[in-house]
Amino acid sequence: MGTGYEPMSLAVLATHLASADSDRIRWKLVWEFLEEYRWEPADTRVGLLQDEPGPTGDVRWDALLAALAEHLLAQADLAPPAWVETRVLHRAWFPAELAIHRADALAWAPAAFRKHGVYVSVHDLAAA
């Protein structure tokens, strides 16, 4: 007998990010998480964001997970869990390689991402 489908939580995403060998794969994992998250019922979504993810081995990705949790919970008009408060970068991170994409991220990064020092365009999150 199979175990059935379980949606990916941020904690599980963190373990995948930690074992990925490139940022390209890490972004694919983030987009996979977002896609699964969008298909879950509202009452299930909150549970996917509450548990503190373990460290990924890169403070930038740790901050991105916090920003993602805060952003998604804000969309549901919910407060973020306490664990997000400590995951703030001291220097801004612009994951985009092209200057035009960095400019787009500067203009369109959601508030939660700005707060954590991660500049990703809201358009990139929606397109995921």
Side-chain angles (χ1 to χ4, degrees):
M1 242 246 186
T3 59
Y5 169 77
E6 294 258 343
M8 189 185 325
S9 67
L10 277 184
V12 171
L13 174 59
T15 63
H16 292 316
L17 294 176
S19 64
D21 60 3
S22 72
D23 282 351
R24 182 180 177 140
I25 297 207
R26 287 181 188 96
W27 281 114
K28 287 182 180 187
L29 290 165
V30 169
W31 293 326
E32 180 180 335
F33 167 81
L34 286 170
E35 184 64 23
E36 289 182 19
Y37 178 86
R38 286 185 187 115
W39 283 97
E40 289 303 312
D43 58 330
T44 303
R45 290 179 184 175
V46 173
L48 300 176
L49 307 171
Q50 294 298 323
D51 293 338
E52 181 172 8
T56 64
D58 186 326
V59 294
R60 298 172 307 165
W61 291 96
D62 294 340
L64 181 131
L65 291 174
L68 198 54
E70 191 165 336
H71 174 70
L72 294 172
L73 287 166
Q75 289 179 335
D77 201 26
L78 296 169
W83 64 263
V84 305
E85 295 304 317
T86 60
R87 295 182 182 214
V88 177
L89 297 174
H90 298 292
R91 183 176 178 176
W93 176 37
F94 290 84
E97 294 179 14
L98 299 175
I100 188 71
H101 293 142
R102 280 188 236 120
D104 188 53
L106 188 60
W108 294 103
F113 283 81
R114 291 173 186 268
K115 174 182 170 185
H116 291 276
V118 179
Y119 285 82
V120 176
S121 172
V122 70
H123 302 115
D124 291 335
L125 295 172

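What you see is a predicted model; the values in this text were computed from it and never measured.
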Engineer: So, E35 versus W31: side-chain donor-acceptor pair below 3.5 Å or not?
Structural biologist: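 Checked: E35/W31 side chains show no N/O donor-acceptor pair below 3.5 Å.
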
Engineer: Using the side chain to side chain contact (heavy atoms under 4.5 Å, CB included) criterion, which residues pair with I100? Sequence neighbours excluded.
Structural biologist: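 With neighbours one apart ignored, the set is L98.
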
Engineer: If you measure from CG on L17 to CG on D58, what distance do you get to the nearest 0.5 Å?
Structural biologist: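 Output value for this atom pair is 9.5 Å.
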
Engineer: Can you list everything that forms a side chain to side chain contact (heavy atoms under 4.5 Å, CB included) with R91? Sequence neighbours excluded, please.
Structural biologist: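 R91 satisfies side chain to side chain contact (heavy atoms under 4.5 Å, CB included) with no residue once adjacent residues are dropped.
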
Engineer: Mind checking what makes salt bridge (charged side-chain N to carboxylate O under 4.0 Å, His left out) contact with E85, not counting sequence neighbours?
Structural biologist: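 Testing E85 for salt bridge (charged side-chain N to carboxylate O under 4.0 Å, His left out), a comparison that skips the adjacent residues, returns K115.
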
Engineer: Just to verify, what does D51 make a salt bridge (charged side-chain N to carboxylate O under 4.0 Å, His left out) with, not counting sequence neighbours?
Structural biologist: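 If we apply the salt bridge (charged side-chain N to carboxylate O under 4.0 Å, His left out) test to D51, skipping adjacent residues, there are no hits.
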
Engineer: Are any side-chain N or O atoms of R87 and backbone N or O atoms of A66, one a donor and one an acceptor, separated by less than 3.5 Å?
Structural biologist: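 No, the answer is negative, given that no donor and acceptor are paired below the 3.5 Å cut-off.
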
Engineer: Considering residues at least two apart in sequence or located in another chain, which fulfil the salt bridge (charged side-chain N to carboxylate O under 4.0 Å, His left out) criterion with E36?
Structural biologist: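 Salt bridge (charged side-chain N to carboxylate O under 4.0 Å, His left out) check on E36 returns nothing, list empty.
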
Engineer: Quick one: does H16's side chain get under 4.5 Å of M8's, heavy atoms only?
Structural biologist: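 A side-chain contact under 4.5 Å exists here.
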
Engineer: When the ring planes of F113 and H71 are compared, do they come out parallel, tilted or perpendicular, using 30° and 60° as the limits?
Structural biologist: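 Perpendicular: the ring planes of F113 and H71 meet at over 60°.
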
Engineer: Got a sec, which residues hit side chain to side chain contact (heavy atoms under 4.5 Å, CB included) with A96, two or more places apart in sequence or on another chain?
Structural biologist: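 Listed in chain order: H101, R102.
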
Engineer: Is the backbone N or O of S121 less than 3.5 Å from a side-chain atom of D104, with the two atoms forming a donor-acceptor pair by type?
Structural biologist: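 Checking the backbone N and O of S121 against the side chain of D104, no donor-acceptor pair under 3.5 Å is found.
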
Engineer: So with a 6.0 Å cut-off around CH2 of W83, is the heavy-atom count from everything else above 12?
Structural biologist: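 Above 12, so yes.
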
Engineer: Please report the interatomic distance CG(L34) to CG(L72), rounded to the nearest 0.5 Å.
Structural biologist: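 These two atoms lie 6.5 Å from each other.
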
